[in-house]
Amino acid sequence: MCGITGILNHNDEPVSEELCQKMTRVLAHRGPDGEGVWNSGAYGTGHRRLAVLDLSEAGHQPMVSRDGQLVLSYNGEIYNHREIREELKTEGYRFQGRSDTEVVLNALHCWGKEAILKFNGMFAFAAWFVQEQRLLLGRDRYGIKPLYYFDHPEVFLFGSEIKAIQQHPAYRFKVSADALTEYFSFQNIFSDLTLFEGVKLLPAGHFMEVRKGNSTPEKQKYWDFNFNPLSMSQTEAETELHRLFEQAVERQLVSDVEVGAYLSGGMDSGGITCVASRKFNNLKSFTAGFDLSSASGLELNFDERERSEYLSNLYKTEHYEVVLKAGDMERVMPELISHLEDLRVGQSYPNYYVSRLAGRFVKVCLSGAGGDELFAGYPWRYYHNTVNGYSNGFADQYFKYWQRLVPDQFRDSFFNGRIRPLIDYDRPARVFKDLLDEGHSDVADPKAYINSSLYFESKTFLHGLLLVEDKLSMAHGLETRLPFLDNDLVDFAMKVPVELKLRDWKNGNRINENDLTGKAFQFKSTTTDGKILLRQMLQRYVPEDYCNGRKQGFSAPDASWFKGESVDYIRRLLFDKNARLYEYIDADVAQKLMTDHLEGKENRRLLIWSLLSFEWWLRIFG
């Protein structure tokens, strides 16, 4: 796990080694174990190393092929690298070390871009083909590892983080109005844009080719989610899921450094920790809890320390905890946003703290992310439209549901007069529907709707979570591994029928996800629907009452804190007429919406978090 960056000048001007080093060194937190820079002529690339496999100099990067014709900077882990290594040996390739980097290098040298189809893991790489003067960029299936780029007429820049691109004099900061529109619609960015005008994110499951002198990159999709269920009995499905789950966890335990595990009170992380603890004595486990003394409603259930401690005792792990209070958010925001850069989904500061905790003890940590999106862990979302009409109404209803931040009546007035002429108000709906079309959303029954929803959330919500997880773990030199996103396990999960994932798929239960009382509270605090097959299989590892308990996400009680202990902080930052965000957002509208929350009229916790994040983002990067 590492950080990569690079420069391709479209003229014949040689790349400055000093500039390449400058771009590389701002990624030092991603790779504290080593630095390397390679430059020749119009191309230069840099690498920061977090040594996990083959700790020797044989794993140093950038790595050059034996014939000198291919230069690789790579970030990630390929879990089937041993199998690919053996295949390459039959093609005549020899190896100097045991790293997966050398396997990626030789695979690309041997098979070109087709090698990507063989990789089972998480990765972002830049491969420079010297003779052809051609740059190949690639990103893993699911978007676990990020790769940003800036396409300028005179130069092409890329990096694991945007701050590397910012070091180059060709980049000039400007806020992207289109990305801003998406962010304050979805609390996410569904397209390939970022809030940094001109900086784009290579989409998951894509590669890109850039040739010197041609500033039009050629982008191509090589993989996509396809929820296309097959007929199978529950017994057959459970047997196969058990086999693939064990295989996935065991694959991701391969490391030359110590591996730990996140351990919440849930079954997903519990199952992974159970399998890992069988291999490692005194496996270290980590969790974050919350001080709930000022919480209310559904948030009273947000602290899972007692449940995680029970599982730790069951699996005999060496367990560590951090307990968060309202003031912890206030303290960490500048550092958090500096590392996050690319604003995405919800309140992420608990992830920052638990990653910091884990990074003090291990270099690699297993996570249960991905299980919810693959096996339907959020039933209230998929059921939101199953009681409505289908076909024409599906996209419109689903789009309204994902309008997470600004109520319809304030949408046209939310941005201020200065930026309002630049806002394309139709863009969010257009981007949204284009994504649904990619997932074949001609729905005619509840099952088709649910599978279309699973496709959409895997492409958007999960992708946002993965970006956040990468940035906040790598901020502490920590590699997060995700067994549920093993290729074989994902391929199987997409074939599992809806009725083995959701119990009440025919009728459903529509609720407002932000309502922490009333009907929503009753449903979310009692439902055992969702992930039916996974719940059954994980009883092999986790106590039955844990598997059959209600769904609990990893979230702080911010709805309570924002109108209680953090209210002075919010008023100080967001009710200041000179706040930076009011260069873009109408102060009267934003403050009216926040006041509704502070007075207990509406739950606007998501909007308040986004406004806080945007304010700090402007202070740091603007």
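Heavy-atom basis, side chains included; hydrogens, waters and symmetry copies ignored.
Ion pairing between a basic and an acidic side chain is recognised when a charged N comes within 4.0 Å of a carboxylate O; Arg141 and Asp224 show no such pairing. The pair Arg30-Asp470 counts as a salt bridge, with a side-chain nitrogen and a carboxylate oxygen less than 4.0 angstrom apart. Salt-bridge annotation for Glu438 and Lys221: present, with a side-chain N of the basic residue lying under 4.0 Å from a carboxylate O of the acidic one. Ion pairing between a basic and an acidic side chain is recognised when a charged N comes within 4.0 Å of a carboxylate O; Lys400 and Asp408 show no such pairing. Using a 4.0 Å cut-off between charged side-chain N and carboxylate O, Arg571 and Asp568 make no salt bridge. Electrostatic pairing of Asp192 and Lys219 counts as a salt bridge here, judged by a charged N lying under 4.0 Å from a carboxylate O. Salt bridge annotation for Asp424-Arg430: present, with a cationic side-chain nitrogen under 4.0 angstrom from a carboxylate oxygen. Between Lys471 and Glu161 there is no salt bridge, since none of the side-chain N atoms of the basic residue sits less than 4.0 Å from a carboxylate O of the acidic one.
Judged purely by atom type and a 3.5 angstrom limit, Lys601 has no side-chain atom pairing as donor or acceptor with the backbone of Leu593. Between the side chain of Ser176 and the backbone N or O of Ala179, at least one donor-acceptor pair lies under 3.5 Å. Although no hydrogens or angles enter the test, the distance criterion places a donor-acceptor pair under 3.5 Å between the side chain of Tyr74 and the main chain of Gly76. Side-chain atoms of Asp328 come within 3.5 Å of backbone atoms of Lys325 as a donor-acceptor pair (strictly under, hydrogens ignored). Side chain of Gln220 to main chain of His206: no donor-acceptor pair is present (N/O by atom type, distance under 3.5 Å, no hydrogens or angles).
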Check your understanding: When you look at His168 and Phe150, which way does the ring pair (Phe, Tyr, Trp, His ring centres under 6.0 Å) test go after all the steps?
Key -> CA-CA 10 Å; His168 196 284; Phe150 176 67; 8.3 Å; no

Check your understanding: Passes salt bridge (Lys or Arg N to Asp or Glu O under 4.0 Å), Lys433 versus Asp437? Steps please.
Key -> CA-CA 6 Å; Lys433 291 177 181 180; Asp437 288 342; over 6 Å; no

**Study point:** Working for salt bridge (Lys or Arg N to Asp or Glu O under 4.0 Å), residues Glu479 and Arg481
**Key:** CA-CA 7 Å; Glu479 172 178 302; Arg481 296 182 177 181; 2.6 Å; yes

Practice item. I would like to know whether His10 and His152 meet ring pair (Phe, Tyr, Trp, His ring centres under 6.0 Å); could you show each step before the answer? Key: CA-CA 9 Å; His10 286 305; His152 185 273; 9.0 Å; no

Check your understanding: Would Leu180 and Phe614 satisfy side-chain contact (heavy atoms from CB on, under 4.5 Å), going step by step from the backbone distance to the final call?
Key -> CA-CA 10 Å; Leu180 194 64; Phe614 186 50; 3.6 Å; yes

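Screening Trp617, Phe196, Phe621 against Val175 for a side-chain contact (heavy atoms from CB on, under 4.5 Å) leaves a single residue, Trp617.
Leu374 is listed as a side-chain neighbour of Leu485, based on a closest heavy-atom distance under 4.5 Å. Within the 4.5 Å cutoff, the side chain of Leu606 has heavy atoms near those of the Gln347 side chain. Between Glu373 and Phe484 there is no side-chain heavy-atom pair separated by less than 4.5 Å. Contact check for Tyr262 versus Thr480: side-chain heavy atoms found under the 4.5 Å cut-off. Looking only at side-chain heavy atoms (C-beta outward), Phe184 and Leu611 come within less than 4.5 Å of each other. In this structure the side chain of Tyr148 never reaches within 4.5 angstrom of the side chain of Leu202, judged on heavy atoms.
Remark: Arg418 is positioned above the aromatic ring of Tyr584, its terminal NZ or CZ atom under 6.0 angstrom from the ring centre and at most 45 degrees off the axis. For the pair Arg572 and Tyr569, the cation-pi criterion (under 6.0 Å, within 45° of the ring axis) is not fulfilled. Remark: Arg381 is positioned above the aromatic ring of Phe461, its terminal NZ or CZ atom under 6.0 angstrom from the ring centre and at most 45 degrees off the axis.
Closest heavy-atom contact between Leu27 and Gly3: CD1-C, 4.1 Å. Tyr142 approaches Leu466 most closely through the heavy-atom pair O-CD1, 3.4 Å.
Around atom NZ of Lys200, no more than 12 heavy atoms belonging to other residues, nucleotides or ligands sit under 6.0 Å away.
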